[in-house]
Protein chains: 2
Amino acid sequence: MILARLILGLLSLSPMTGYELKKHFDSSINHFWNADKAQIYRTLTKLVQDGHATVTVIRQSNYPDRQEHHITELGREMLVQWLQTDVTAHIPREPFMARLFFAAELDRTGVVDLVEARRVATQDLLDDYLSQREDIDMRAAADRRSFLMAATLDNSIRHQEAELQWLEAVAEHLP
Amino acid sequence: MILARLILGLLSLSPMTGYELKKHFDSSINHFWNADKAQIYRTLTKLVQDGHATVTVIRQSNYPDRQEHHITELGREMLVQWLQTDVTAHIPREPFMARLFFAAELDRTGVVDLVEARRVATQDLLDDYLSQREDIDMRAAADRRSFLMAATLDNSIRHQEAELQWLEAVAEHLP
DNA sequence: CGTGGCTAGTCGATCAATCAACCGAGAAAT
DNA sequence: ATTTCTCGGTTGATTGATCGACTAGCCACG
């Protein structure tokens, strides 16, 4: 459901092939959503079936045909409608917390290792996000669209920072 | 997969029925994982099939029979093994970020409303976590198991706090 | 001359999650 | 007297996500 909306959102910016959508997911969307290739193509099929998008096949000389997907008026309406529906609380699932919750089955060193491994993984993610952030800055602040896109990245950054601080506190006070 | 592990973790603390497992999920686990009733029962069936748990039926006078599930030695081994496997980065999916990313399709007021609704939802969650936190405190810090369980709750609290701060920043700088 | 990467997509299988309905009994509340 | 709550569990259907394999031509590198 949400994948369909994200795809509609991207198509609202510009017509695209499934392949290009996948690239966007892997670059700009990756900090809050990821999508499987197969799932993108299947969702595109459904969007076309539902009249939210149309396909235009474009021949290319040196590359395979492009199945360019365009958002329709109906699709645009659905997109705006979704944006306006109620915000419902959503508890993300955190596999690491699942582990830590039961980590007392390990000895102290085991727990320390777990926390340290998480710290490294978190720092890597944060570094990645920070370098993405550098590529946008400044010119972004002006128009609302760019501001919001940057803001979602800032959200991920703040969460990773909070995670790091929490990890330090855990490492420090672990009995 | 992770659900199976969480269930094993709970069973390692004490034998339980599916019904009781569901209650634990709804109370202590709810801040980082939630589980559907049907899924819990199906996973229990699989745990028994795989030899990670056993069932004992206990007759009761005024209540239905209890299908008490006990963790086996193999189950305990699987649990510890899982705790020791590599920590892999995991990007949680955030439906709200999905919306905000494309919220420029709305007018400014629309975006402000969206952010405000999120703020209310976040504050509610935070209040819930904080009241859960009050019920544990103090005596917890001592042994490692209680410490870790409290720590996962602290993690959720820190993330909600970070979310609130970010929301304030967004509301303040939104062009 | 071969290998690997980029473009662009398709198909099948499997699993996990979610929703909704249904069963039945006792106990407490109105 | 009747509804609602708690206990305890089951089934079916559907959707979404995930993984892997397969097709196929072009380009650049060594």
Side-chain angles (χ1 to χ4, degrees), chain A residues 1-8 10-11 15-27 29-30 32-50 53 55-69 82 88-95 98, chain B residues 1-8 10-11 15-27 29-30 32-50 53 55-69 82 88-95 98:
Chain A
M1 215 66 276
I2 291 181
L3 180 60
R5 274 111 182 213
L6 279 168
I7 290 178
L8 271 187
L10 285 172
L11 292 184
M16 259 178 260
T17 64
Y19 186 81
E20 287 168 334
L21 282 166
K22 174 60 176 161
K23 298 200 120 187
H24 278 280
F25 273 95
D26 289 348
S27 57
I29 316 283
N30 70 108
F32 65 86
W33 207 272
N34 63 357
D36 184 75
K37 203 167 82 162
Q39 195 63 17
I40 289 175
Y41 283 107
R42 282 183 184 127
T43 305
L44 275 175
T45 307
K46 203 177 159 278
L47 285 174
V48 172
Q49 274 168 19
D50 295 351
V55 202
T56 325
V57 178
I58 297 178
R59 299 276 148 73
Q60 294 185 113
S61 46
N62 296 340
Y63 294 101
D65 293 357
R66 290 168 56 75
Q67 283 179 241
E68 216 175 56
H69 289 75
W82 165 56
T88 51
H90 158 258
I91 288 110
R93 295 174 163 194
E94 299 284 353
Chain B
M1 214 69 278
I2 293 181
L3 180 60
R5 274 109 181 216
L6 279 168
I7 290 177
L8 271 187
L10 286 171
L11 293 184
M16 260 178 259
T17 64
Y19 187 81
E20 286 167 334
L21 282 165
K22 175 61 175 160
K23 298 200 119 185
H24 278 279
F25 273 96
D26 290 348
S27 57
I29 315 284
N30 71 108
F32 65 86
W33 207 272
N34 63 358
D36 184 77
K37 204 167 82 162
Q39 195 61 18
I40 289 175
Y41 283 107
R42 282 182 182 128
T43 305
L44 274 175
T45 307
K46 202 177 162 278
L47 284 175
V48 172
Q49 273 168 19
D50 295 351
V55 202
T56 326
V57 178
I58 297 178
R59 297 277 146 73
Q60 294 184 114
S61 47
N62 296 340
Y63 295 102
D65 293 357
R66 291 169 54 77
Q67 284 180 239
E68 215 174 60
H69 289 75
W82 164 56
T88 50
H90 158 257
I91 287 110
R93 296 175 164 195
E94 298 285 354

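Labels below follow one simple rule: chain letters A, B, ... track the order of the sequence lines, proteins then strands, and each chain is numbered from 1.
Whole-Å rounding puts the B/L44 CG to D/dT11 P distance at 14 Å. Taking atom CD1 of A/I40 as the reference point, atom P of D/dG16 lies 15 Å away to the nearest angstrom. At whole-Å resolution of the value, CZ in B/F25 and C1' in D/dG9 are 17 Å apart.
Residues forming a side-chain contact (heavy atoms from CB on, under 4.5 Å) with B/D36 (at least two apart in sequence, or on another chain): B/A38, B/Q39. Partners of A/R66 under the salt bridge (Lys or Arg N to Asp or Glu O under 4.0 Å) rule, at least two apart in sequence or in another chain, are A/E20, A/E68. By the side chain to side chain donor-acceptor pair (under 3.5 Å) test, A/T56 is found to be paired with A/H70, residues two or more places apart in sequence or in another chain being considered. Listed by chain and residue number, B/N34 satisfy the side chain to side chain donor-acceptor pair (under 3.5 Å) test with A/R93 (two or more places apart in sequence, or in another chain). Shown here are the side-chain contact (heavy atoms from CB on, under 4.5 Å) partners of A/K46, two or more places apart in sequence or in another chain: A/Q49, A/D50. Residues that satisfy the side-chain contact (heavy atoms from CB on, under 4.5 Å) test with A/D26, not counting sequence neighbours, are A/K22. Remark: B/Y19 pairs with B/T17, B/K23, B/Y41 by the side-chain contact (heavy atoms from CB on, under 4.5 Å) rule, at least two apart or across chains.
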**Q.** From CA spacing to verdict: side-chain contact (heavy atoms from CB on, under 4.5 Å), B/L47, B/H69
**A.** CA-CA 9 Å; B/L47 284 175; B/H69 289 75; over 6 Å; no

Q: For the pair A/L44 and A/V48, evaluate side-chain contact (heavy atoms from CB on, under 4.5 Å) and give the outcome as yes or no after the intermediate values.
A: CA-CA 6 Å; A/L44 275 175; A/V48 172; 5.6 Å; no

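Checking the phosphate oxygens (OP1, OP2) of D/dG8, no side-chain nitrogen or oxygen of B/K23 falls inside 4.0 Å. Distances shown here put every side-chain N or O of B/T17 at or beyond 4.0 Å from the OP1 or OP2 atom of D/dC7. Look at B/Y41 and you'll find a side-chain N or O under 4.0 angstrom from OP1 or OP2 of D/dG9.
Taking CD1 from A/I40 and CG from A/L21, the interatomic distance works out to 6.0 Å, rounded to the nearest 0.5 Å.
Nucleotides of DNA chain C with any atom under 4.0 Å from a heavy atom of chain A span, from 5' to 3', C/dC6 to C/dT18.
Here the closest heavy-atom approach between residue B/L6 and residue A/A98 is recorded as CD2-CB, 3.8 Å. Among all heavy-atom pairs drawn from A/W33 and B/I91, the shortest one is N-CG2, 4.4 Å.
One end of the helix from C/dC1-D/dG30 to C/dT30-D/dA1 points its axis 30° away from the other end's axis, with each axis taken from 5 pairs and the angle rounded to 10°.
Between the side chain of A/H90 and the main chain of A/T88, no donor-acceptor pair closer than 3.5 Å is present.
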What's touching nucleotides 1-4 of chain D from the protein side, N or O pairs under 3.5 Å?
none

Polar atom pairs (N or O), protein with nucleotides 18-25 of chain D, under 3.5 Å:
unit_1	atom_1	unit_2	atom_2	d
D/dT18	OP2	B/R93	NH2	2.9
D/dT18	O4	A/R42	NH1	3.2

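Heavy-atom nearest nucleotides on DNA chain D were determined for A/W33 and for B/T45, and the one closer to the 5' end corresponds to B/T45.
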